[in-house]
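Each remark here refers to the structure printed beneath this line.
Just so it is clear: chains get the letters A, B, ... in the order the sequence lines come, proteins before strands, and each one is counted from 1.
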Amino acid sequence: MTNLDGLNNEQREAVLHDKGPLLILAGAGSGKTRVITHRIAYLIDELDVNPYRIMAITFTNKAAKEMRDRVDSLIGYGSEDVWVSTFHSTCARFLRRHGELLGYDRNFSIYDTDDSKNVIKEICKRFNIDTKKIREKSFMIDISNAKNELIPPEKYLLAIGNSARDQMTAKVYAEYQKQLKANNAMDFDDLLMNTVRLFREFPEALRYYQQRFQYLMVDEYQDTNKAQFEFIHLLANYENEDGDIEHNLCVVGDDDQSIYKFRGADIRNILDFEKVYPNTKVIKLEENYRSTNNILTAANEVIRHNLARKDKRLRTQQEDGQPLICTTYEDDRGEAADIAGEISRLVVSGQESYEAFAVLYRTNAQSRAIEEQMVYQGIPYRLVGGVNFYSRREIKDCLAYLRTVDNGVDSQQVKRIINVPKRGIGLATIDAIDAYALEHELDFFEAIRRCRNIPGISRACEKLERFVAAIEGFRNVQKTSNLQQLINTILEDTGYWDTLNDDPETKDDRLANLQELINKAVAFEDEHPEDPSLSAFLSEVSLVADIDSMDPNEEKVTLMTLHSAKGLEFDHVYMVGMEEGLFPSDFGGLDQEEIEEERRLCYVGITRARKTLHLSHCNSRFLRGEKSYNRPSRFLRELPRHVVTMRGSRGSRYLSEDETFSKPKPKYEDEFTRSDYSRTNPDNFSNNSFLSDDLPIKKKSFDASAKSAGTLEALLGSSIKRGSDLYKTPTPTASPSGDLGYGVGDKVKHVKFGIGTVTSITMGSKDYEVTVDFPAGTKKMLASFAKLVKVD
DNA sequence: ACGCCGACCGTCCGA
DNA sequence: CGGTCGGCGT
């Protein structure tokens, strides 16, 4: 029996819905994952639906994993047969199986933005396009948008326009697709577009999947683009034996949390759902189980400023709770220092633990200032986003070898590694091979094989032949070995390990990263006994993001962008950098639509908080190496006054040189304790009197604020450039062992290598590097990835 | 072929 | 600021 206790009326109604289209408008924190998982359980347990016929689609691996776990724990037998996956992984799997119909080999490569950019670069060069005038990136954006709209190159001009620029884009787009096809590669957008093409052009393939997946559930439906809409729409059009079309499609979303317009999300998909599926049952979930009443009041009030939305209002049975705290800081450093200090105090005094806190910002660039203070004050933190593990140079190099071994015709990968490590093969040689390949319609690797026929590069031939022999050697290794052995052989035989010595600064990091890649390969083979192939591994690796490896149970403060925070929740949330130009961010003319999207992002941020919410802005901050002065964000003024406590200017003075962070006592501690000057005077919220002026320190900041209305030149003239002596290098002296839960000499357990002894812990550039003696040998790994657990 | 250095430039969000 | 790229010298 599926247990429906603890569900409210609307939730229960959604769970009990069996056939036909269902639209669940689920406000933030209204328990939508709970509804989806219970509904899956109900379908299986009560309606005898075969788990094999149920598909649940999400956007991120993290959401998929969470759903998977909850489905597994809710359903006993057969839960593993429920298809729970992301759009991209699902399409990749469909295409591995049926891609031959479209002319792709089953082990096609999946290109990330870097790979795509390289292809575009080559094309621009070939077409003599001045990339100073039109950037590669703008082609990529246009092409991506076209793909999301399911517009193929040959229809581009018809669909988009016929300007000179459009014609150029259409030409580049067509060539780009040709190149990808020749390389047996797809980019992220191709995964969707090609799956839709497969469905449209091969009805028997579509029919196969329609029959298999008779119950569809889509999470975060407000973020779907046209291609995703079409994918779902086609799949849901299953005609049963009686010739009826049931549309057993359940979509869940919240138009107020649509924040991915920039990558093609079309909010109309959710707003028009009822028009597309006339018999849709609509259920609104408006009861929030996450936040205090004050936080919800603020969220409701802010989002109310948007015009294009479905009317709804979150409500809760919780009490008002703490007021929101809105703080003005002198600069970004003071902001970071103060927040770090506050977190530190609350944790040291035993009231809270680190994982209860999150610091959210608009752009990844803002993380640096926060990080510095976290390190400085000895606070363990986890940084989500930034440079993806898989986009690091050494990882990409290694993956390029693996792809070359796996997918012989991927010229991009071959070009990446042909001279890495250095083999004395230069640009002139590569160009000559390229020209030959083009002329004879060969892939790059095949052209290398025939280097003896290519004029002008005879001197490089011997080196080229050695390279070919090496790759073929690896292909032989692959036939008889597992992934770990293959990677080790490649890094060993090519001398890649040795090249790390070239830069002693980064050596340890890169070594640990490669070791971690090997660990991932080992884990992959372990988890996928049914298909531990190189292709499958590379596919998975291409489709994971940093946030997917985030473990919310680690005792660390979380630092991430507002976008990354969607779907997560924390007891205490700090939204920093609430400033005009930054948030809402202004990149040349903010129109109403963009403002509303930013406001939704603000709404998402506010609704992440369970108990307390801090919002802050700075009078000045460093942006792209320059000091800039921004006014407080309009979103601050949209907060209802009666739930907000104002704090005046703080953090203008930094920690002095002699203060160590074993005693992280800011000089302005006095002002902290006096912080009950906080008040809720409504008049304080007009822009001019945003800062009150009854304290000397505030007076100063008021001046700065008034200045910001003046000319930019005047400000820059008087601005103090960031002197290196102002910023001391943070020295992490806190014992790492305290943060990790283990130390040198402790016995720890690793998921693959078993129990070993920690022999050293050092601070890498981004994370702790832990060296452990396992029975299988000594391994060096990154703490955040290795997930080591202390054992007694 | 390759490494160094200065000029230039983009500015965000992400599967 | 930090990453990239082209020019130049070796």
Whole angstroms only, please: what is the [atom1]-[atom2] distance between [X] and [N]?
X        : N      : atom1 : atom2 : answer
A:Leu192 : B:dA15 : CG    : P     : 14 Å
A:Arg423 : B:dA1  : CZ    : C1'   : 15 Å
A:Glu371 : C:dC1  : CD    : P     : 17 Å
A:Arg392 : C:dG3  : CZ    : C1'   : 16 Å
A:Asn118 : C:dC5  : CG    : P     : 9 Å
A:Asp130 : C:dG6  : CG    : C1'   : 14 Å
A:Ile134 : B:dG10 : CD1   : C1'   : 17 Å
A:Glu594 : B:dC13 : CD    : P     : 16 Å

Can a salt bridge be assigned to the pair [X] and [Y] using a cut-off of 4.0 Å between side-chain N and carboxylate O?
X        : Y        : value
A:Glu220 : A:Lys566 : yes
A:Asp187 : A:Lys117 : no
A:Glu598 : A:Arg362 : yes

Sugar-phosphate only, base, or nothing, as touched by A:Ser585 at under 4.0 Å among non-hydrogen atoms: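 Result for A:Ser585 = base.
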
Sugar-phosphate only, base, or nothing, as touched by A:Phe87 at under 4.0 Å among non-hydrogen atoms: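 A:Phe87: no heavy atom of the nucleic acid under 4.0 Å.
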
Nucleotide nearest A:Tyr260 when distance is taken to its side chain, options B:dC9, B:dG14, B:dA15: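 Of all the options, the side chain of A:Tyr260 is nearest to B:dG14.
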
Nearest-neighbour nucleotide for the A:Lys422 side chain, B:dC2, B:dA15, B:dC12 considered: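 Of all the options, the side chain of A:Lys422 is nearest to B:dC2.
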
A:Tyr603 and A:Gln257: side chain donor to acceptor below 3.5 Å: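 Result is no, nothing qualifies.
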
Whether A:Asp331 side chain and A:Arg333 backbone form a donor-acceptor pair below 3.5 Å: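 Judged by distance alone, yes, a pair lies under 3.5 Å.
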
B:dC12 and C:dC5, which share atom name P, separated by this distance in whole Å: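 Nearest-Å result for C:dC5 against B:dC12 at atom P: 16 Å.
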
Earlier contact from the 5' end, DNA chain B, for A:Ala365 and A:Thr429: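 The residue closer to the strand's 5' end, by nearest nucleotide, is A:Thr429.
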
Contact nearer the 5' end of DNA chain B, comparing A:His563 with A:Lys463: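 Per heavy-atom nearest nucleotide, the more 5' residue is A:Lys463.
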
Nearest-0.5 Å distance that lies between atom NZ in A:Lys463 and atom CD1 in A:Ile457: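 Reported value, rounded in 0.5 Å steps: 11.0 Å.
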
Pairing nucleotide - B:dG14, Watson-Crick or G-U, each distance under 3.5 Å: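 The base-pairing partner of B:dG14, which may sit in any strand shown, does not exist here.
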
Ring centroids of A:Phe262 and B:dC12 base under 5.5 Å with planes under 30°: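 Aromatic stack with B:dC12 absent for A:Phe262.
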
Under 4.0 Å between a side-chain N/O of [X] and OP1 or OP2 of [N], yes or no?
X        : N      : result
A:Asn364 : B:dC12 : no
A:Ser89  : B:dA15 : no
A:Arg368 : C:dG2  : yes
A:Ser564 : B:dG14 : yes
A:Lys121 : C:dC5  : yes
A:Arg263 : B:dA15 : no

